[in-house]
Engineer: 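Just dropping this structure here.
Lettering of chains follows the sequences in order, A, B, ..., and the numbering in each one begins at 1.
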Amino acid sequence: GAVVSQHPSWVICKSGTSVKIECRSLDFQATTMFWYRQFPKQSLMLMATSNEGSKATYEQGVEKDKFLINHASLTLSTLTVTSAHPEDSSFYICSAREGTYEQYFGPGTRLTVT
Amino acid sequence: GNSVTQMEGPVTLSEEAFLTINCTYTATGYPSLFWYVQYPGEGLQLLLKATKADDKGSNKGFEATYRKETTSFHLEKGSVQVSDSAVYFCALKVTNAGKSTFGDGTTLTVKP
């Protein structure tokens with residue numbers, strides 16, 4: 001089956017620094033990737049949708065200058081949390097899709113900002 | 001707009017008990033419906049899906065039937081195991097190219 005990986009699986013960073021999370025589709029070409037944030041009460045919030053080679057489309061209320069998304073290739077998308085603060089601590093999950101096929105999820109990245 | 005409402009958790013059951021997690025939806029058009037499972041510390045995995053009315057999705061002993069008349073897609077399993085302990089998400093997608101809409105998730109804990 002299709003596999004999506006994320007790196008790192010967990011990261012701790014200091015307040016004010018930036019951190020980059022990678023999402024890779026390992027055995028298919030991800031024409032579309034999605035970035036989600038999962039809050040402690042489990043709800044999954046879609047942050048943005050990115051199509052390869054295009055600018056990401058952000059959901060309402062998501063700061064695009066804070067959460068930089070790059071989808072430069074068909075197998076890699078990155079999410080950079082800039083000037084991170086403790087309230088950015090969360091579980092970030094990406095998912096990827098080839099064309100209109102199934103959407104596959106990565107294992108998630110736990111970000112803790114101290 | 002589209003929305004998914006799931007039964008609130010947490011749900012705690014004894015091993016071999018019958019499981020039902022309710023899910024109802026509101027959507028424009030004809031959505032595909034999904035159940036995802038998230039084990040502790042992991043991402044989401046597709047558990048089962050149904051793409052049209054009256055379809056039944058099934059996997060690993062879980063099943064759900066797409067009921068258009070009641071706009072529901074309830075998840076059931078006849079005999080749960082401790083290893084089924086996880087968070088379950090109901091979701092819909094209106095078009096193949098569309099983004100998915102998720103419910104809030106239901107935590108299931110199965111005790112031996």
Side-chain angles (χ1 to χ4, degrees), chain A residues 1-10 21-26 30-52 54 56-60 62 79 90-112, chain B residues 1-12 21 23 25 27 29-52 55 57 59-60 75 85-109:
Chain A
V3 178
V4 176
S5 70
Q6 280 185 242
H7 178 79
S9 55
W10 59 272
I21 301 170
E22 293 185 348
C23 176
R24 293 181 185 273
S25 57
L26 299 185
T31 49
T32 304
M33 284 188 169
F34 305 87
W35 284 96
Y36 295 85
R37 181 174 177 178
Q38 187 170 33
F39 294 97
K41 289 189 175 182
Q42 313 150 23
S43 62
L44 219 60
M45 183 193 83
L46 178 65
M47 300 174 67
T49 303
S50 72
N51 293 299
E52 185 267 337
S54 303
T57 301
Y58 289 81
E59 295 298 303
Q60 192 172 7
V62 178
L79 166 67
S90 195
F91 194 54
Y92 293 88
I93 302 175
C94 76
S95 72
R97 185 179 69 201
E98 179 178 15
T100 59
Y101 295 134
E102 199 71 57
Q103 185 175 346
Y104 296 93
F105 287 82
T109 296
R110 171 76 57 193
L111 169 64
T112 301
Chain B
N2 302 325
S3 67
V4 175
T5 302
Q6 276 184 244
M7 163 180 172
E8 283 191 30
V11 174
T12 303
I21 301 178
C23 171
Y25 67 89
Y30 300 96
S32 294
L33 302 174
F34 306 83
W35 276 101
Y36 290 89
V37 58
Q38 183 180 32
Y39 297 103
E42 300 182 10
L44 276 67
Q45 301 173 28
L46 179 65
L47 180 60
L48 53 83
K49 67 178 181 181
T51 57
K52 61 182 187 297
D55 268 2
N59 185 26
K60 299 181 181 180
L75 182 68
S85 298
V87 181
Y88 292 82
F89 291 90
C90 185
L92 69 82
K93 192 166 61 169
V94 174
T95 66
N96 280 339
K99 58 189 178 184
S100 298
T101 300
F102 288 86
D104 287 343
T106 302
T107 299
L108 169 66
T109 302

Engineer: Please state whether the side chain, the backbone, both or neither of B:Leu46 comes within less than 4.5 Å of a heavy atom of chain A.
Structural biologist: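 Side chain only.
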Engineer: Walk me through whether B:Cys90 and B:Tyr25 qualify under side-chain contact (heavy atoms from CB on, under 4.5 Å).
Structural biologist: CA-CA 9 Å; B:Cys90 185; B:Tyr25 67 89; over 6 Å; no
Engineer: Is B:Tyr36 in contact with chain A via its backbone, its side chain, both, or neither, using a 4.5 Å heavy-atom distance?
Structural biologist: side chain
Engineer: Just give me the residue among A:Ser95, A:Pro107, A:Cys94 that pairs up with chain B most often, heavy atom to heavy atom, under 4.5 Å.
Structural biologist: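 Looking at each option in turn, the highest pair count goes to A:Pro107.
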Engineer: OH of B:Tyr30: more than 12 outside heavy atoms within 6.0 angstrom?
Structural biologist: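 Count not over threshold, so no.
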Engineer: Should the ring pair A:Phe105 and A:Tyr36 be called parallel, tilted or perpendicular, given that the plane angle runs from 0 to 90° and is split at 30 and 60?
Structural biologist: tilted
Engineer: Roughly how far apart are B:Leu92 CG and B:Ser3 OG, rounded to 0.5 Å?
Structural biologist: 7.5 Å
